[in-house]
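Reckoned from all heavy atoms, side chains included, excluding hydrogens, waters and symmetry mates. Counting convention: from 1, in listed order, for ligands and their atoms alike.
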Amino acid sequence: MKPVISRQVILANRPIGVPQASDFSINEKVLGAPGPGELLLRTIYLSLDPYMRGRMNAVASYAPYVQTGEVMVGGTVSIVEASNSPSFSIGDFVLGHTGWQSHVLHDGTGLRKLDPRQAPISTALGVLGMPGLTAYAGLLDIGQPKQSDTVVVSAATGAVGGVVGQLARISGCRVVGIAGAKEKCSYAVEELGYHACVSHHSPDLKNQLAEACPDGVDVYFENVGGIVFDAVFDYLNVGARMTVCGMISHYNETARSPEPDRLPRIMRAILTRRLKIQGIIVFDYAHREPDFLADVSKWIRNGELRYREDIVDGLDNAVSAFQGLFTGNNFGKLLIRVSDDPTRE
Ligand code: NDP
């Protein structure tokens, strides 16, 4: 077998603020033939997700951070190009966590086979993958929406938010999205079935939210933080639930902005309005995966739930595409097509 060259995106420096191209380097690593029990994987899709920003900082969190000089971590869908494992054959598609690289030798641990006849293989990174499960568990288990509740979701057309809003609609709720661009708000209403969607770019966000939520807010699915959190918080009803899923507006902060201490006001509201605020880390919900996959696959098949992917070609464009997550440049689940997808040809 001819040696294979794996193209890898390496974390070269710890970014300060928004990650820059200079914080990464491209490495070409020559891979030998797979050893006993090993596979050679060619990456087809790499998932780009906001959590990766946290992994670039040397800060202890719920998962280890990436060391400088290492390949960036990330979820991938790959094809098996060579196999010395009885469990995998050449041509199998697998979901794994092989990072920002074109090829890898792998011992098969933790890989899940995908059947392209069941669903497009890319969906294993989005609507039928980690972001979809986050939405499912975060809304249904933590948010606990009841029929006729008003549910608000921020980053409403994104990989997580787009599923949250549709699950809330399927649960019989009034669903209000918060998104950036006008076309995202139109898409939320016209394609995803939100009852209303307001833009966080509008200086009038608070009044528009009040109009869209005449009965207040019973469930808030928080993906953003910052001014969006401030706008929603005052409208939370007595007994409202808030799922804290992400705080993307803060991920590139280099210093705390000087602001008045809001803690007493927030704590008082939690107390007097008996709010339930709970964080979610998707890893805690592996037990929900069977229900999630059964329900969401069914809703996709019967047309009740739609999804959108934003596919950027080429590993060399990964850094600029990643930056776009923080400016709202992506429209739907952001993926890098690292190499050809034979199921789409
Ligand atoms: P998205 O596909 O939603 O993309 C990110 C979106 O966030 C952008 O498109 C933009 O949407 C919005 N955004 C970015 N910066 C800002 C800002 N400063 N102010 C307002 N909106 C902003 O990403 P995901 O669906 O993958 O992730 C959404 C959130 O969920 C993130 O916070 C992420 O960290 C979190 N998450 C948490 C998980 C967990 O286990 N806790 C698992 C997966 C995701 P727009 O153009 O509409 O503003």
[X]-ligand 1 polar pair, N/O distance under 3.5 Å:
X      : value
Val228 : no
Cys245 : yes
Lys184 : yes
Asp49  : no
Ile280 : yes
Val282 : yes

Measure [X] to ligand 1 on non-hydrogen atoms and call it side chain, backbone, both or neither using the 4.0 Å cut-off.
X      : value
Thr134 : side chain
Phe283 : neither
Lys333 : neither

Distance under 4.0 Å to a non-hydrogen atom of [X]: what atoms of ligand 1 satisfy this?
X      : value
Gly180 : 45 (P), 46 (O), 47 (O), 48 (O)
Ala155 : 3 (O), 7 (O)
Asn330 : 1 (P), 2 (O), 4 (O), 8 (C), 9 (O)
Tyr251 : 32 (O), 33 (C), 34 (O)
Ala179 : 47 (O)
His200 : 19 (N), 20 (C), 21 (N), 45 (P), 48 (O)
Val160 : 25 (O), 43 (C), 44 (C)
Ile281 : 40 (O)

* Heavy-atom contact under 4.0 Å between Leu325 and ligand 1? ->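 Yes, that is the case, since the closest heavy atom of the residue is under 4.0 Å from the ligand.
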* To do: Answer with yes or no whether the hydrophobic clustering places Val296 together with Ile142; edges join I, L, V, M, F, W, Y residues whose side-chain heavy atoms lie under 4.5 Å apart.
  =>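 Shared cluster, no.
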* To do: Quick one: sort the Tyr51 and His97 rings into parallel, tilted or perpendicular, breaks at 30° and 60°.
  =>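 If you compare the ring of Tyr51 with that of His97, the planes turn out parallel.
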Electrostatic pair [X]-[Y], nearest N-O below 4.0 angstrom:
X      : Y      : result
Asp92  : Arg112 : no
Arg174 : Asp218 : no
Glu183 : Arg308 : no
Lys206 : Asp234 : yes

For [atom], what's the nearest protein heavy-atom neighbour? Residue, atom name and distance, please.
atom                    : value
atom 29 (C) of ligand 1 : Asn223 OD1, 3.4 Å
atom 15 (N) of ligand 1 : Phe326 O, 3.5 Å
atom 3 (O) of ligand 1  : Gly158 CA, 3.3 Å
atom 17 (C) of ligand 1 : Ser249 CB, 3.7 Å
atom 27 (O) of ligand 1 : Pro50 CG, 3.6 Å
atom 43 (C) of ligand 1 : Met130 SD, 3.5 Å
atom 10 (C) of ligand 1 : Gly328 CA, 3.7 Å
atom 19 (N) of ligand 1 : Val224 CG1, 3.7 Å

* Between Asp204 and Ser202, is any side-chain donor less than 3.5 angstrom from a side-chain acceptor? ->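 Their side chains do not contain a donor-acceptor pair, so the 3.5 Å distance test is not met.
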* Asked: Taking atom types as modelled and ignoring hydrogens, do the side chains of Thr123 and Lys333 form a donor-acceptor contact shorter than 3.5 angstrom?
  ->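 Side-chain D/A pair, Thr123 to Lys333: absent.
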* To do: Using a cut-off of 6.0 Å, state whether more than 12 heavy atoms not belonging to Ile16 lie near its atom CD1.
  =>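 Open.
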* Option nearest atom 16 (C) of ligand 1 (shortest heavy-atom distance, choices Leu48, Ile248, Val153, Val244) ->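 Nearest option to atom 16 (C) of ligand 1, by heavy atoms: Ile248.
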* Asked: Between Tyr285 and Phe292, does the ring centre distance come in under 6.0 Å?
  ->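 Centroid distance Tyr285-Phe292: not below 6.0 Å, so no.
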Check whether [X] reaches the backbone of [Y] with its side chain - one donor and one acceptor, N or O, closer than 3.5 Å.
X      : Y      : result
Arg273 : Leu271 : no
Arg169 : Leu192 : yes
Arg241 : Gln278 : no

* Closest non-hydrogen atom pair between Ser154 and Glu222, with its separation -> OG-OE1, 3.3 Å
* Asked: Are side-chain heavy atoms of Ser297 and Gln118 found at a separation under 4.5 Å?
  ->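 Side-chain contact under 4.5 Å: no.
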* Asked: Thr243 and Leu139: side-chain contact (heavy atoms from CB on, under 4.5 Å), yes or no, with the steps?
  -> CA-CA 7 Å; Thr243 304; Leu139 181 72; 5.9 Å; no
